[in-house]
2 protein chains.
Amino acid sequence: MKNNCPLNYTMQLIGTKWKPLVLFHLLEGALRSGVLKKKVPEISNKMFTQTVRELEKDGLISRKVFPVVPPKVEYKLTERGESLESLLRQLDKWGLEDIKSLNHTNFDAL
Amino acid sequence: MKNNCPLNYTMQLIGTKWKPLVLFHLLEGALRSGVLKKKVPEISNKMFTQTVRELEKDGLISRKVFPVVPPKVEYKLTERGESLESLLRQLDKWGLEDIKSLNHTNFDAL
DNA sequence: ATACTATATTACTTTTTAGTAAGTTATTGC
DNA sequence: GCAATAACTTACTAAAAAGTAATATAGTAT
């Protein structure tokens, strides 16, 4: 990974299809794997695991395994992950406002 | 493009390798094509054109052609593009702070 | 007429990201 | 002893994003 600049650095950590969404849902607190997955209904098994694994590797979330059967696993934001909160909320907010303002203009190229 | 939520919507508009960088450099005002391109030294011809074309299509930047030879083209943020300012600055700032804090810990998995 | 300029395009390949579908684990309840 | 459970994992395919290199344009200066 080549990080020419902070902007790219940040995008490389959270700039994929599912990462921001997963992080966003963890803002309210720890969630069991299955619950978190259901919050992102369209995500596949594979992408879910891959996404949380990468977020964990990058130190943005942590994973706690309870030694029970059937398995129980909880994910939550680390301190580092929590520092993304205002960024995540702003990404969400910008999208919301932008969609709103599209309804007031006739620009709807999307 | 399926926009399940505002967060994804935003990411789809600015979440590629070069878009945030191009937008960021336009925050200080309009730039000639060649100058803008030099601000993003590693970008290829193709990716530069493709990136500005998409940003234009999405109404985030505008393109002004001066009818001279050799050609002169200027890009600048639209009002919609300008509304991304604080978001872009925050993405940059977060990366900066995070890199800084990595130097104080021994977490350097990146 | 040839080279130079800034901006851009095109065909093609490679790399990265995402999706599909089937299989694994280890205990519990029937 | 067989199905049900939650949380994965794996092999494979498909689609999207990015990279490379060659080419186009159209006046101007030599």
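Just so we're on the same page: letters track the sequence lines, and every chain starts at 1.
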Legend entry - Between C:dA8 (C1') and B:Ile43 (CD1): distance, integer Å: 13 Å
Legend entry - Co-membership, hydrophobic cluster, residues A:Leu88 and A:Leu96, 4.5 Å side-chain: no
Legend entry - Any B:Tyr75 side-chain N or O less than 4.0 Å from OP1/OP2 of C:dA8: yes
Inset, instruction - Going by the side-chain contact (heavy atoms from CB on, under 4.5 Å) test, name the single residue among A:Asp92, A:Leu91, A:Asp98 that passes it with B:Pro6. - result: A:Asp92
Inset, instruction - Could you check how far CG of B:Leu31 sits from C1' of C:dT7, rounded to whole Å? - result: 15 Å
Inset, instruction - Between protein and nucleotides 20-30 of chain C, map the contacts as a letter string: B base, S sugar-phosphate only, - none, heavy atoms under 4.0 Å, written 5' to 3'. - result: B-----BB---
Legend entry - A:Val40 with A:Leu27, same ILVMFWY side-chain cluster at under 4.5 Å: yes
Inset, instruction - Mind running side chain to side chain contact (heavy atoms under 4.5 Å, CB included) on B:Leu60 and B:Lys19 for me, showing each step along the way? - result: CA-CA 10 Å; B:Leu60 295 174; B:Lys19 281 180 185 178; over 6 Å; no
Inset, instruction - Identify, residue by residue, the members of residues 48-55 of chain A with a heavy atom below 4.0 Å from DNA chain D, and return them in order of residue number, or none. - result: A:Thr49, A:Arg53
Inset, instruction - Using a strict 4.0 Å threshold on nitrogen-to-oxygen distance, state whether A:Arg89 and A:Glu85 make a salt bridge. - result: yes
Inset, instruction - Search all heavy atoms of A:Ser33 against all heavy atoms of A:Phe48 and return the closest pair with its distance. - result: OG-CE2, 3.4 Å
Legend entry - Length of the CZ-C1' vector between A:Arg32 and D:dC8, whole Å: 13 Å
Inset, instruction - Starting from P on C:dA18, measure out to CE on B:Met11 and report it in whole angstrom. - result: 10 Å
Inset, instruction - Say whether A:Leu87 and B:Phe24 are linked into one hydrophobic cluster, either directly or through other cluster members, by side-chain heavy-atom distances under 4.5 angstrom. - result: yes
Inset, instruction - Rounded off to whole Å, could you give me the CD-to-C1' distance for the A:Glu74 and D:dA6 pair? - result: 14 Å
Inset, instruction - Take the protein atom CZ of A:Phe66 and the nucleotide atom P of D:dA7, then report the distance between them rounded to whole Å. - result: 11 Å
Inset, instruction - Report yes if at least one side-chain N or O of B:Lys17 is closer than 4.0 Å to OP1 or OP2 of C:dT16; otherwise report no. - result: no
Inset, instruction - Side-chain contact test, heavy atoms from C-beta onward, threshold under 4.5 Å: evaluate it for B:Glu74 versus B:Leu31 and give yes or no. - result: no
Legend entry - Distance in angstrom units between A:Arg63 CZ and D:dA7 C1', rounded: 8 Å
Inset, instruction - Answer whether the closest heavy-atom distance between the side chains of B:Val65 and B:Arg63 falls below 4.5 Å. - result: yes
Legend entry - Whole-Å gap separating C1' (C:dT16) and NZ (A:Lys19): 12 Å
